[in-house]
Each structure stands twice: as structure tokens, then as C-alpha cells.
Amino acid sequence: MCGRYSLTTPPEAMRRLFGFEALPNLPPRYNVAPTQEAPVVLPAGEPDGDGLRPQRTLAQRTLAMARWGLLPPFAKSPADGARMINARAETVATKPAFRRAFAKRRCLVPADGFYEWQKLGDGPKAAKQPWRIGLKGGAPFAFAGLFETWQPPLPEDVDAEATAGAPILSFTIITTTANAAIEKIHPRMPVMLAEADHDLWLSGAAEPAALQALLRPFPAEAMGYYRVSTRVNAVRNDDAECIAPLTAGGTED
DNA sequence: CCAGACGTTGTT
DNA sequence: GTCTGG
DNA sequence: CCAGACGTTGTT
DNA sequence: GTCTGG
């Protein structure tokens, strides 16, 4: 799956990959965790609500901050999104929580690495070794994501306009089976989109079959991975030590 | 019909 | 053990 | 994903 | 909102 990732790439490289007209305001993140806010790239015109803090717009795309953990339209509170941090590629088109977003609200989730924990033994006490995984050379890329704008329910008593909470933009990351390299660490991995597929993924005119075809494991030969410290386990640790290679081993990043 | 879930991972 | 919070 | 709580009353 | 389980 994918339950932590990093986004440490300097703004200029982000601007080039995603086609923003100006440098985005993106401080480095070494340890992005569920329920936290992270940047997402939305199709043109999104979001259309208030309070969503779009930062930069180009003709085809918007960069906005969103909460990790999809809040479907029927969510009763933001806590309901905490478990929806991933959606399986195999079922995303049909599951009630995801299918509308798959049809209408697809986004790119910028990253330059993700973490997977490898179980080193059996049983509940088995130690876990975290790995950082990404493209060889460390270039940034995009996860295939879905987004929703969730409107908090109105209280019943008072004037609705005065008490309506701000809408929350939320997202999830689609997962698929691990490729031949990653499966030694973990059986699943997030869907990474090649740059050439970004426009198709965001296109409102795309055929469902064409979209589904993008949800495949990224080629192993293009990827690198290395062990990192268990320091990354704690979400309060969000610094460069999280991405530092632990020892020799794995491939160079 | 109404009530309750709506999700993933991993482990057994 | 299981749920919540980050 | 992992870490940390998991509870109540009453007092500050 | 919509589907599943009872």
C-alpha cells in the first residue's frame, strides 16, 4: 500500500514537471502522513468551492492543498476519511466510496518517494524495516489520485449561512500489485503515472478503459529503493533524516 | 422493508 | 486487541 | 502507514 | 446517495 511518502523536490523542478506558470510554495516534506494536508494537482476549473486555497493556476491545472484520506459525499465527519487513504485499482471503478471520484474527480499527487515497511519475521512482534522507494535518480513523479470536496453537515438550529463550515478538499492514492522488485519488500505499491499520462488521467473526456489501463505497476527497472531509519515511523519526525540511507543495501536512489 | 455500511492492509 | 490521530 | 490511547470526576 | 445484510 502506501501510507507515507515524501515531497522534497525544489519548486523549480515541480514547476517543470507539472507545468505551473509560477513557482509553487511547497516547503519540503519528508514524512507526509494520513490526515495531513499535502499538495494535489487538479484539472482546470477545480476546485470550484471556497476555502480550498488554490495556489497557482495554469490553463489546464490547479495546485491546491488537500487532506489525505478521501471523504466521500456520505461522510459524517472528517474522521471518516482516515481509513480511505488508499483505493485498490482492481475495485476503484465500482466501490461506492470511490467510483464517482474515479469517474469525475481524478487528480495527481506529487511525490518523490514513498515508504513501505518490510516485515522481518512472523507474528505480531515481527520487526519492520522501512524502505524509501522512488524513481532511480530521485526525480519527482505523480501518484494516481482521486479527490472530493466535502461539505460539513449544517447544524439544525441556527442560520445556515452563518454557521456552515468550510468545505474540505480530500484525496486518496490508488494502489496496485507490487512489481518484481518491490514485491520483495511489500505486496502492493501506489500507482505512479508516467509524465506522458498526466493529461489523460486528468482529462474529463477519457474513456474508463483507458483510465483503468493506467493503473498498473510502474516498471521495476526505472525504480530505486533503499533502507531508512525507523525514525520515519513517528509522524512527528518530518526532517531530512527520514530520507537518509540507513546502510549500504538495495539500489542507489 | 429498515439498518448499517460505505475501506485497505495483512494475518490467520 | 482495537480504535483514533497524525 | 505507525504511535498511542484505551476513562471518569472534579479541580485548576 | 446507494448497496448489502437481515
Side-chain angles (χ1 to χ4, degrees), chain A residues 1-7 27 29-39 65-105 109 111-134 143-154 167-178 182-192 215 217 225 227-239 241-243 246:
Chain A
M1 78 176 305
C2 175
R4 292 301 170 85
Y5 66 94
S6 64
L7 180 58
R29 292 297 311 277
Y30 301 90
N31 192 7
V32 180
T35 73
Q36 294 180 347
E37 292 218 326
M65 297 301 287
R67 177 190 171 103
W68 187 10
L70 198 75
L71 289 165
F74 48 75
K76 291 175 185 62
S77 91
D80 292 348
R83 294 163 301 169
M84 309 224 191
I85 64 171
N86 294 131
R88 293 174 63 88
E90 298 89 333
T91 54
V92 68
T94 55
K95 291 284 186 184
F98 299 127
R99 64 184 192 185
R100 261 164 297 210
F102 177 69
K104 301 269 184 199
R105 290 178 286 277
V109 182
D112 53 24
F114 59 95
Y115 300 100
E116 298 287 3
W117 280 259
Q118 177 184 36
K119 285 199 67 174
L120 297 179
D122 294 322
K125 295 176 218 162
K128 290 178 183 177
Q129 172 62 58
W131 293 72
R132 182 165 183 254
I133 305 168
F143 296 128
L146 308 176
F147 69 96
E148 289 279 2
T149 303
W150 182 76
Q151 180 66 57
L154 296 172
I168 298 176
L169 184 67
S170 64
F171 72 97
T172 191
I173 295 171
I174 299 178
T175 63
T176 186
T177 53
I182 307 303
E183 71 180 1
K184 295 166 198 156
I185 299 171
H186 197 81
R188 299 197 54 90
M189 63 184 281
V191 172
M192 300 163 63
L215 304 181
Y225 40 90
R227 294 176 180 86
V228 294
S229 161
T230 54
R231 180 181 173 76
V232 76
N233 291 12
V235 301
R236 65 179 173 274
N237 295 325
D238 185 14
D239 54 42
E241 287 183 53
C242 292
I243 67 170
L246 187 62

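Quick caveat, the model's predicted, so the values are computed rather than measured. Just so we're on the same page: letters track the sequence lines, and every chain starts at 1.
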Q: Evaluate the ring planes of A:F171 and A:W68, with Trp represented by its six-membered ring, and classify them as parallel (under 30°), tilted (30 to 60°) or perpendicular (over 60°).
A: parallel

Atom-pair distance ([atom1] on [X]; [atom2] on [N]), nearest Å:
X: A:R231; N: D:dC1; atom1: CZ; atom2: C1'; result: 17 Å
X: A:M84; N: B:dG7; atom1: CE; atom2: P; result: 6 Å
X: A:R100; N: B:dC6; atom1: CZ; atom2: C1'; result: 10 Å
X: A:L71; N: B:dG7; atom1: CG; atom2: P; result: 14 Å
X: A:W68; N: B:dT8; atom1: CH2; atom2: P; result: 15 Å
X: A:F114; N: B:dT8; atom1: CZ; atom2: C1'; result: 16 Å
X: A:K76; N: B:dA3; atom1: NZ; atom2: P; result: 13 Å
X: A:R188; N: D:dC1; atom1: CZ; atom2: C1'; result: 15 Å

Q) Does a side-chain N or O from A:K95 land closer than 4.0 Å to OP1 or OP2 of B:dC6, or not? A) no

Q: Return no unless some side-chain N or O of A:T230 is found under 4.0 Å from OP1 or OP2 of D:dC2.
A: no

Q) With respect to A:S6, which candidate in A:N31, A:D112, A:D238 satisfies the side-chain hydrogen bond (donor to acceptor under 3.5 Å, both in side chains) definition? A) A:D112

Q.
Please give me the minimum heavy-atom distance between A:K128 and A:P130, naming the atom from each residue.
A. O-CD, 3.4 Å

(Q) Please find the pair of heavy atoms, one from A:T94 and one from A:R99, that lie closest to each other, and give the distance. (A) O-CD, 3.5 Å

Considering every strand and a 4.0 Å limit on heavy-atom distances, what is the contact class for [X]: base, sugar-phosphate, or nothing?
X: A:P187; answer: sugar-phosphate
X: A:I85; answer: base
X: A:P73; answer: nothing
X: A:T172; answer: nothing
X: A:R83; answer: base
X: A:F98; answer: sugar-phosphate
X: A:T91; answer: sugar-phosphate
X: A:R99; answer: sugar-phosphate

Q) Are A:R132 and A:V232 close enough, and set up right, to give a side-chain contact (heavy atoms from CB on, under 4.5 Å), and what steps lead you there? A) CA-CA 10 Å; A:R132 182 165 183 254; A:V232 76; over 6 Å; no

Q: State which of B:dT9, D:dC2, D:dC1 makes the closest approach to the side chain of A:P34.
A: D:dC1

Q | A:K128, nearest nucleotide to its side chain (from B:dC6, B:dT8, D:dC2) | A | D:dC2

Would you measure the distance from the [atom1] atom in [N] across to the matching atom in [M] and give it in whole Å?
N: B:dG4; M: C:dG6; atom1: C1'; value: 28 Å
N: C:dT4; M: D:dG7; atom1: C1'; value: 15 Å
N: B:dT12; M: D:dC1; atom1: P; value: 15 Å
N: D:dC6; M: B:dA5; atom1: C1'; value: 24 Å
N: C:dG5; M: D:dT8; atom1: P; value: 15 Å

Q: Kindly determine whether A:T176 and A:L215 satisfy side-chain contact (heavy atoms from CB on, under 4.5 Å), including the steps that lead there.
A: CA-CA 7 Å; A:T176 186; A:L215 304 181; 5.8 Å; no

**Q.** Test log, rule side-chain contact (heavy atoms from CB on, under 4.5 Å), inputs A:R231 and A:D239
**A.** CA-CA 10 Å; A:R231 180 181 173 76; A:D239 54 42; 2.4 Å; yes

Is a donor on one side and an acceptor on the other found under 3.5 Å between the side chain of [X] and the backbone of [Y]?
X: A:Q129; Y: A:V228; answer: yes
X: A:W131; Y: A:I185; answer: no
X: A:R29; Y: A:Y5; answer: no

Without placing hydrogens or testing angles, list every side-chain donor-acceptor pair under 3.5 Å for residues 83-93 of chain A, not counting sequence neighbours.
unit_1, atom_1, unit_2, atom_2, d
A:N86, OD1, A:C2, N, 3.4
A:N86, ND2, A:C2, O, 3.1
A:N86, ND2, A:I173, O, 3.2
A:E90, OE1, A:R188, NH2, 3.0
A:E90, OE2, A:R188, NH1, 3.0
A:E90, OE2, A:R188, NH2, 3.3

(Q) Need two values: the first and the last nucleotide of DNA chain E, 5' to 3', having an atom under 4.0 Å from any heavy-atom of chain A. (A) E:dG1 to E:dC3

Q. Does A:W117 lie flat on the base of D:dC1, that is, centres under 5.5 Å apart and planes under 30° off?
A. no

Q. Any stems for DNA chain C, made of 3 or more Watson-Crick or G-U pairs in a row, each with both distances under 3.5 Å?
A. C:1-6 with D:1-6

